[in-house]
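Source: prediction; values computed, not measured. Reminder, nothing fancy here: chain letters follow the sequence lines and each chain counts from 1.
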Amino acid sequence: MKPYRMHLMLCTGTGCVSNKAFRIRQVLEETLVRHHLQDEIAVVPTGCNGFCAQGPVMVVQPDGIFYQMLTERDVAELVEEHFLKGRPVRRLMFTPSGEREPVPRMSDIGFFGKQRLVALRNRGLIDPEKIEDYIARDGYAALSKILTELTPEQVIEEVKQSGLRGRGGAGFPAGRKWESRRRAPGEPKYVVCNADEGDPGAFMDRSIIESDPHSVLEGMMIGAYAIGAGRGYVYIRHEYPLAVERLDIAIRQAREFGLLGTDILGRGFDFDIEIRRGAGAFVCGETTSLVASIEGQPPEPRQRPPRTTLWGKPVNINNVETWANVPVILLRGAAWFASIGTEKSKGTKVFSLVGKVRNTGLVEVPMGITIREVVFDIGGGLADGKRFKAIQTGGPSGGCIPASLQDLPIDYEQLTEAGSMMGSGGLIVMDESDCMVDVARYFLEFLTDESCGKCTACREGVPVMYRMLAEICEGRGNEGDLELLEELSQAVIDASLCGLGKSAPNPVLSTLRYFRDEYQAHIRDRCCPACVCKALFHYLIDADICNGCGACKKSCPHEAIEGQAKSVHRILQDQCTKCGACFDVCPKDAVTKNPNPIETREPREVNELVPA
Amino acid sequence: MVKLKPEDLASIRERMARTMSLREGKARAHVTVHLGTCGIAAGARNVMRVLMDLLEQRDAEDILLTTSGCAGLCSCEPMMTVEVKGQAPVKYIHLDEAKTVQIFESHVLAGKIVQEYALAVGSERVG
Ligand SMILES: Cc1cc2nc3c(=O)[nH]c(=O)nc-3n(C[C@H](O)[C@H](O)[C@H](O)COP(=O)(O)O)c2cc1C
């Protein structure tokens, strides 16, 4: 194999691709040829690097230099200065906020420092479209090992010992699920990879498939051997075209290499995998709906039988990340895996870290890491110097954990105890400018749309809760609303069939638990302390700061600002629609948001909200 | 493509070992060619080419080849620095093809410094 002296590991995950990574790749390759460097330096497209906020990103190996926010115009300088003359280009490096000096090496950047890559072990190190790259990083070594050395029962025992729990939401022990499917009567048996990933803002599973599709396939092969399954399906939403494409390439390569099909690795094991595309509804990720969807029926949850079946036969469903962990466990041993994490939550978890932190992106951290470490050490703290208020975990039906609990270790039990959940791993960081009532309203709106409509409690109850929250945000809340919300929550939890309904009230219950004052301010004082709910705050121009430049007046689409040039301006509250244009445009930051003063209004009838 | 057997996985891994050690930044020896404008003018790119060919011929998978800018001794170009793990870096000057081959065989592969072409031992840290 022809050696290269340098590899340019260019991120081609969906985030970087949408910022023209493919175009950068093309220009890079052309420029290397122009400098006769094409035989010395290789461009390697990789999956998601994780530091999506800084994309497009590229890591230069062997130096480990991290470049960010690249454009095609930067390529010539990079090639001439760094790749040819060995002088790294400082202006394209990452500089932590508040610091002057850039950090050249990826391993020295705080965002990467506290991460521990297990599921994402090959991230940025392999070309996801080349099976040889995966094999070079010990890919399929676990499959080879179990087919030659272990019985299915021993594989199950190893997975049980590792403590691996499902990463798709419920955290059910993977080994125990496998065991029950192995014992279940009926042939043929199936394994399924759940890549529906319906949580808004979540992209863990997409990134794993985009950066390392073979790790998921190998996990499924090992699971199939353990359970005795002959066929597997990857159920993936069609909105993930790049992931589908890479998965498809990976399956074809695995077949070509004899890693899928009959007599795999010459060990008499037969197994194959197919892709099933979903239309991308949140409820499709729920086990029984997913199975219905694969069978070609409408994706509605069913009464859960003791064991889920596909076409009446035993099926074992695990999440993408769960499967991706399996090969490492078999290769490095259960004890190694169990040494990472907390007492009941072993290993690592991949999170999509978004919201008001400086460094957003995809991170993999050991279970038990504290919220503080994730938000401040990895996330780089809050953007714009704002105060940390809460972190939303667990996806749309997760909950909000207040900043006062920031030393909470993140694992399944601790999050549940705090009124939230692990879910599939969304982390949304919120600051003082986020209104918790509005946050609950937002998620209930999503869940209203995504309820499949089968159970009355979910179909009718969730929208009623949503409308109550919307009314509270509009300043039409009533005394007693909070108690009614709690009562409705319980009814929806009790009378819903699937996890969607059972967890839908979570956003309301968790914000009520920690931010009841904020709800009360909305209802009793008609005031939104975070100044988010338009009816409950107002803009003012600070007379001490305003220099009468007139920028606000010009930007106002409703002529709601008056004032002469060079004299203090004023907002006409009656005409103001709170569009925020003046707030954004003021060069002096003289426009301020202010919670409304106490004001009494006509109470409304609660019954108005319940549809006839 | 023929169907793989367990032992084929190992041979693919072996074949890819150099590619992977490069990406992981792991190496037993680190060779830096000084590719400043002065170095290039004096023929440093040819030194680089010779080294790349040697890597291929010798199948030397745990040796990293990098470049750096001008080392400040323009009159001594082409230059390279060899750092074998656990030893002080050595700078070699006035290189040509024959010297490069000799240094590669002797110092990089066998760990024996070629004193006659060396400028200084341990004058700086590389990498
Ligand atoms: C409404 C709803 C949506 C879900 N969406 C997903 C999903 O997108 N991906 C996923 O892996 N699990 C999802 N789950 C969880 C699955 O039902 C199931 O627990 C999981 O796929 C099992 O795999 P695991 O044990 O490896 O986590 C969802 C559950 C519910 C109730």
Side-chain angles (χ1 to χ4, degrees), chain A residues 1-7 9 35-37 39-42 44 46 59-64 81-88 105-107 122 124-127 130-141 143-145 147-148 253-259 261-267, chain B residues 1-27 29-40 44-46 48-49 51-71 79-81 126-127:
Chain A
M1 183 152 200
K2 214 172 154 40
Y4 289 95
R5 67 171 167 87
M6 187 181 266
H7 281 190
M9 313 303 289
H35 287 85
H36 307 291
L37 287 167
D39 295 332
E40 297 181 18
I41 299 174
V44 184
T46 72
V59 184
V60 180
Q61 297 293 11
D63 325 19
E81 285 298 304
H82 185 175
F83 309 154
L84 182 58
K85 297 182 181 169
R87 291 191 289 238
R105 297 172 66 93
M106 181 166 86
S107 50
N122 291 327
L125 287 172
I126 64 167
D127 179 340
K130 296 214 168 95
I131 192 171
E132 291 92 342
D133 277 26
Y134 179 69
I135 293 173
R137 297 261 314 154
D138 288 335
Y140 294 111
L143 177 72
S144 168
K145 175 178 164 182
L147 292 183
T148 42
Q253 288 176 342
R255 281 196 196 124
E256 221 175 274
F257 275 63
L259 294 162
T262 51
D263 194 22
I264 292 168
L265 287 170
R267 307 296 304 176
Chain B
M1 180 75 211
V2 283
K3 306 232 166 207
L4 296 190
K5 296 272 175 299
E7 54 280 14
D8 301 327
L9 289 170
S11 57
I12 293 177
R13 266 199 301 280
E14 229 160 79
R15 179 154 58 77
M16 297 285 292
R18 193 190 140 68
T19 303
M20 285 302 147
S21 52
L22 179 71
R23 290 184 197 167
E24 291 158 23
K26 284 192 286 203
H30 200 142
V31 182
T32 307
V33 181
H34 299 265
L35 276 181
T37 308
C38 47
I40 293 173
R45 288 204 65 179
N46 196 42
M48 176 60 85
R49 256 187 295 277
L51 286 168
M52 301 247 345
D53 288 344
L54 285 167
L55 282 187
E56 188 177 5
Q57 286 161 24
R58 296 293 183 284
D59 217 5
E61 59 194 37
D62 48 359
I63 290 158
L64 294 183
L65 204 52
T66 54
T67 64
S68 77
C70 169
M79 293 174 55
M80 70 178 180
T81 306
V126 182

Legend entry - Pairwise distance CG(B:Leu4) to CD1(A:Ile131) - rounded to 0.5 angstrom: 7.0 Å
Legend entry - Separation of A:Asp263 CG from B:Lys5 NZ (nearest 0.5 Å): 6.5 Å
Legend entry - Heavy atoms of other groups near A:Lys130 NZ, more than 12 under 6.0 Å: no
Inset, instruction - Check step by step if side chain to side chain contact (heavy atoms under 4.5 Å, CB included) holds for A:Gln61 and B:Leu64. - result: CA-CA 10 Å; A:Gln61 297 293 11; B:Leu64 294 183; over 6 Å; no
Inset, instruction - Below 4.5 Å from any heavy atom of chain B, which atoms of A:Val59 appear? Answer side chain, backbone, both or neither. - result: neither
Legend entry - Set of residues satisfying side chain to side chain donor-acceptor pair (under 3.5 Å) with respect to B:Lys26, sequence neighbours excluded: B:Glu24
Inset, instruction - Heavy-atom distances under 4.5 Å only: say whether A:Asp133 touches chain B with side chain, backbone, both or neither. - result: both
Inset, instruction - Indicate yes or no: at least one non-hydrogen side-chain atom of A:Asp39 is less than 4.5 angstrom from one of B:Arg49. - result: no
Legend entry - Shortest non-hydrogen separation from B:Met20 to A:Ala136 and the atoms involved: CG-CB, 3.6 Å
Legend entry - Heavy-atom donor-acceptor pair, B:Arg18 side chain to A:Tyr4 backbone, under 3.5 Å: yes
Inset, instruction - Can you sort out the partners of A:Tyr134 under ring-ring contact (aromatic ring centres under 6.0 Å, His included), two or more places apart, ordered by chain and number? - result: A:Tyr140, A:His214
Legend entry - Over all atoms of both residues, closest heavy-atom pair of A:Pro3 and B:Glu56: CD-CB, 3.5 Å
Legend entry - Winner by heavy-atom pair count (cut-off under 4.5 Å) against chain A, out of B:Ile40, B:Leu51, B:Leu35: B:Leu35
Inset, instruction - Can you measure from CE (A:Met6) to CZ (B:Arg23) and round to the nearest 0.5 angstrom? - result: 14.0 Å
Inset, instruction - Just give me the residue among B:Ala27, B:Ala44, B:Pro6, B:Ala17 that pairs up with chain A most often, heavy atom to heavy atom, under 4.5 Å. - result: B:Pro6
Legend entry - Which atoms of A:Leu147 approach chain B - backbone, side chain, both or neither, heavy atom under 4.5 Å: neither
Legend entry - Heavy-atom pair count under 4.5 Å with chain B, highest-scoring of A:Arg267, A:Glu132, A:Arg87: A:Glu132
Legend entry - Gap between atom CG of B:Leu9 and atom CG of A:Leu259 - 0.5 Å precision: 6.5 Å
Inset, instruction - Any chance you could measure A:Arg137, atom CZ, to B:Thr19, atom OG1, to the nearest 0.5 Å? - result: 12.5 Å
Inset, instruction - Please tell me if the side chains of B:Leu65 and A:Glu40 come closer than 4.5 Å, counting only heavy atoms from C-beta onward. - result: no
Legend entry - Value rounded to 0.5 Å, distance of NE2 in A:His82 from OG1 in B:Thr67: 6.0 Å
